[in-house]
Amino acid sequence: MANQTILVTGGAGFIGSNFILYWMNNHPEDKIINLDALTYAGNTKNLASVSDLPNYIFVEGNITDRELVDRLMASCDIVVHFAAESHVDRSILNPDTFIQTNIIGTHVLLESALHNDIKHFHHISTDEVFGSLKLGSDTQFSEHTPYDPRSPYSASKASSDHLVRAYGETYGLNYTITNCSNNYGEYQFPEKLIPLAISHILADKPVPVYGDGLQVRDWLYVQDHCTAIEKVLQSGKSQETYVVGGLTEDIPNIEVVKTILRIMKKPEDMLIHVTDRAGHDVRYSVNWSKIESDLGWKPSVSFEEGMQKTVAWYLANEAWWKPLVSANAAYFKKNYQGRE
Ligand code: NAD
Ligand code: TYD
């Protein structure tokens, strides 16, 4: 796969920027065009180390802009589609942008991909499309799990997955989809549980845990996610889906927060329980044996190691996340006010 031009959408966000840094480091022969609308979640600072390279181009723009997307795709071989509204709590407060970006935006990209003969369209999706597993059970999500999205976020992502598959079946688009679990690591916006907890602890504020905090997520270190996408781009089978997960086994949210408190040497009473999220999915767990047996990928970073690295990064990079907390004060107020 030498000398390809890759259109990355949403490459200034958390996973997209980790992916671009990873890809440019490991595939310097390729060219990356990063199309990102720079919403509250997009940050060009993440890409400062590559921004002057001749094989990196940043374009500020919206994936719903067909003319712009057509112009960019005309010179591309591959599309890796990360751009999305990605936070469940924001989807509960304001679903509109989730419909626009996640559904309409994906549709625009698919139309343009067909029109421009894109060789490979890779769609990044989430395990949240499968709904909620029973707490305490040992069932897991796999490529065969029926869709059952329960939040405006997961419903919009499910819609986008269906559109991608429909473009494969109907028009022969060469696509792949990955449905991955909760990512954590460097450059994650401090509204998601792990960076929110770290930033609260550093500000000496209690860490809000929704409801009883017994909900379970499957945690995937973002670098492991990047290697999974690399495998799928290199040897994934056309029109296949791969679920991607981490090396965690049913860690309840309270244990995630307690791990962070232990690493940061802070007392457990900094954890406080607050009013639960509406429609809160109680358990996600991912069986990633298909991508392991078909493509030889598996996660390599344990939860302890990933958390140590993540905490260290946030400690060393206050200048990155502190301004984001202040700039988004209105959101934090709206989401957390009156919950305690
Ligand atoms: P993020 O919110 O950190 O970043 C999203 C990026 O997309 C931002 O840079 C934003 O500016 C850009 N964007 C948003 N709307 C856009 C639009 N209309 N046009 C162009 N750019 C736009 O998200 P993330 O956590 O990096 O997630 C990336 C992808 O991975 C998403 O598709 C998400 O659904 C999926 N995913 C994320 C997780 C996770 O734990 N973060 C887990 C599973 C799947
Ligand atoms: P989040 O990081 O928002 O990811 P998602 O909802 O997409 O899984 O939340 C992870 C888990 O942490 C989820 O069960 C909700 C919970 N949570 C809290 O308990 N408190 C918080 O302040 C946040 C943001 C999340």
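The chain is numbered in sequence order, starting from 1. Scope of the values below: all heavy atoms of this structure, side chains included, with no hydrogens, waters or symmetry mates. In listed order, ligands and their atoms are each counted from 1.
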Participant: When you measure from the centre of the six-membered ring of Y184, is the NZ or CZ of R217 closer than 6.0 Å and no more than 45° off the axis?
Facilitator: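 Output no; distance or angle outside limits.
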
Participant: Could you list the atoms of ligand 1 found under 4.0 angstrom from a heavy atom of A83?
Facilitator: 7 (O), 21 (N), 22 (C)

Participant: Measuring from atom 9 (O) of ligand 2, which candidate in R339, R283, R277, H273 has the nearest non-hydrogen atom?
Facilitator: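 Answer by nearest heavy atom: R277.
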
Participant: Does the plane of the ring in F189 sit parallel, tilted or perpendicular to the ring in Y40? Use 30° and 60° as the thresholds.
Facilitator: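 Aromatic pair F189/Y40 classed perpendicular.
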
Participant: Parallel, tilted or perpendicular: which describes the rings of Y167 and H107, with under 30° parallel and over 60° perpendicular?
Facilitator: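 Ring orientation, 0 to 90° scale: perpendicular.
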
Participant: Which atoms of ligand 2 sit under 4.0 Å from any heavy atom of V209?
Facilitator: 19 (O)

Participant: Between I63, T64, D36, which one has a non-hydrogen atom sitting closest to atom 12 (C) of ligand 1?
Facilitator: D36

Participant: Out of V216, V282, N253, whose heavy atom is nearest to atom 16 (C) of ligand 2?
Facilitator: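 Heavy atom nearest to atom 16 (C) of ligand 2 belongs to N253.
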
Participant: Need the ligand 2 atom indices (1-based, order shown) with element for anything under 4.0 Å from a heavy-atom of V88.
Facilitator: 6 (O), 7 (O)

Participant: Looking only at non-hydrogen atoms, which of S86, A84, S154, S156 approaches atom 5 (C) of ligand 1 most closely?
Facilitator: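 The nearest heavy atom belongs to A84.
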
Participant: Between K309 and E305, does at least one N-O distance fall below 4.0 Å, as a salt bridge requires?
Facilitator: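 Yes, K309 and E305 are salt-bridged.
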
Participant: Answer yes when D161 and K157 have at least one side-chain N-carboxylate O distance shorter than 4.0 Å, and no when they do not.
Facilitator: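 Between K157 and D161 there is no salt bridge, as every charged N stays at least 4.0 Å from the carboxylate O atoms.
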
Participant: With heavy atoms of G42 as the reference, note each atom of ligand 1 found under 4.0 Å away.
Facilitator: 8 (C), 9 (O), 11 (O)

Participant: Taking it one step at a time, do K192 and S86 satisfy side chain to side chain donor-acceptor pair (under 3.5 Å)?
Facilitator: CA-CA 10 Å; K192 305 279 167 71; S86 69; 3.0 Å; yes

Participant: Assign the ring pair F303 / W219 to parallel, tilted or perpendicular, where the plane angle (0 to 90°) is split at 30° and 60°.
Facilitator: tilted

Participant: Which atoms of ligand 1 are found less than 4.0 Å from any heavy atom of T39?
Facilitator: 10 (C), 11 (O), 14 (C), 15 (N)

Participant: Select the closest option to atom 19 (O) of ligand 2 among Y210, Y184, F332, Y284, judged by heavy-atom distance.
Facilitator: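 Residue with the shortest heavy-atom distance to the ligand atom: Y210.
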
Participant: Could you tell me whether D281 approaches ligand 2 through its side chain, its backbone, both or neither, with non-hydrogen atoms closer than 4.0 Å?
Facilitator: neither

Participant: Just which atoms of ligand 1 are under 4.0 Å from any heavy atom in F82?
Facilitator: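 Contacts of ligand 1 toward F82, numbered from 1: 28 (C), 29 (C), 31 (C), 32 (O).
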
Participant: Which ligand 2 atoms are under 4.0 Å away from a heavy-atom of K192?
Facilitator: 2 (O)

Participant: Under 4.0 Å from a heavy atom of E191: which atoms of ligand 2 are those, numbered in the order shown and with their elements?
Facilitator: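 What qualifies from ligand 2 is 24 (C).
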
Participant: Report yes or no: does a heavy atom of S125 sit under 4.0 Å from some atom of ligand 1?
Facilitator: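 It does; at least one heavy atom falls under 4.0 Å.
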
Participant: Any atoms of ligand 2 less than 4.0 Å from a non-hydrogen atom of H280? List them with their elements.
Facilitator: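 Close to H280: 13 (C), 14 (O), 15 (C).
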
Participant: Below 4.0 angstrom from a heavy atom of G61, which ligand 1 atoms are there? Numbered from 1 as shown, please.
Facilitator: 19 (N), 20 (C)

Participant: Just which atoms of ligand 1 are under 4.0 Å from any heavy atom in S181?
Facilitator: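 So the answer, numbered in order with elements, is 42 (C), 43 (C).
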
Participant: Within a distance under 4.0 Å of any heavy atom of H87, pick out the atoms of ligand 2 and give their elements.
Facilitator: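 Close to H87: 3 (O).
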
Participant: So if I count the atoms of ligand 2 from 1 in the order they appear, which ones are less than 4.0 Å from some heavy atom of L196?
Facilitator: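 Those atoms are 22 (O).
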
Participant: With a 4.0 Å heavy-atom cut-off (strictly under), which part of N182 contacts ligand 2: side chain, backbone, both or neither?
Facilitator: side chain

Participant: Does at least one non-hydrogen atom of N62 fall below 4.0 angstrom from an atom of ligand 1?
Facilitator: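 Within the 4.0 Å threshold, so yes.
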
Participant: For ligand 1, which is the ligand I care about here, please tell me if Y153 has any N or O atom under 3.5 Å from one of the ligand's N or O atoms.
Facilitator: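 It does: an N or O of Y153 is found under 3.5 Å from an N or O of ligand 1.
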
Participant: Give the atoms of ligand 2, by number and element, whose distance to some non-hydrogen atom of E128 is under 4.0 Å.
Facilitator: 5 (P), 7 (O), 8 (O)

Participant: Is the closest heavy-atom distance from Y336 to ligand 2 below 4.0 Å?
Facilitator: yes

Participant: Establish, from distance only, whether the side-chain atoms of H123 and T106 form a donor-acceptor pair under 3.5 Å.
Facilitator: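 Distance-only check fails for H123 and T106.
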
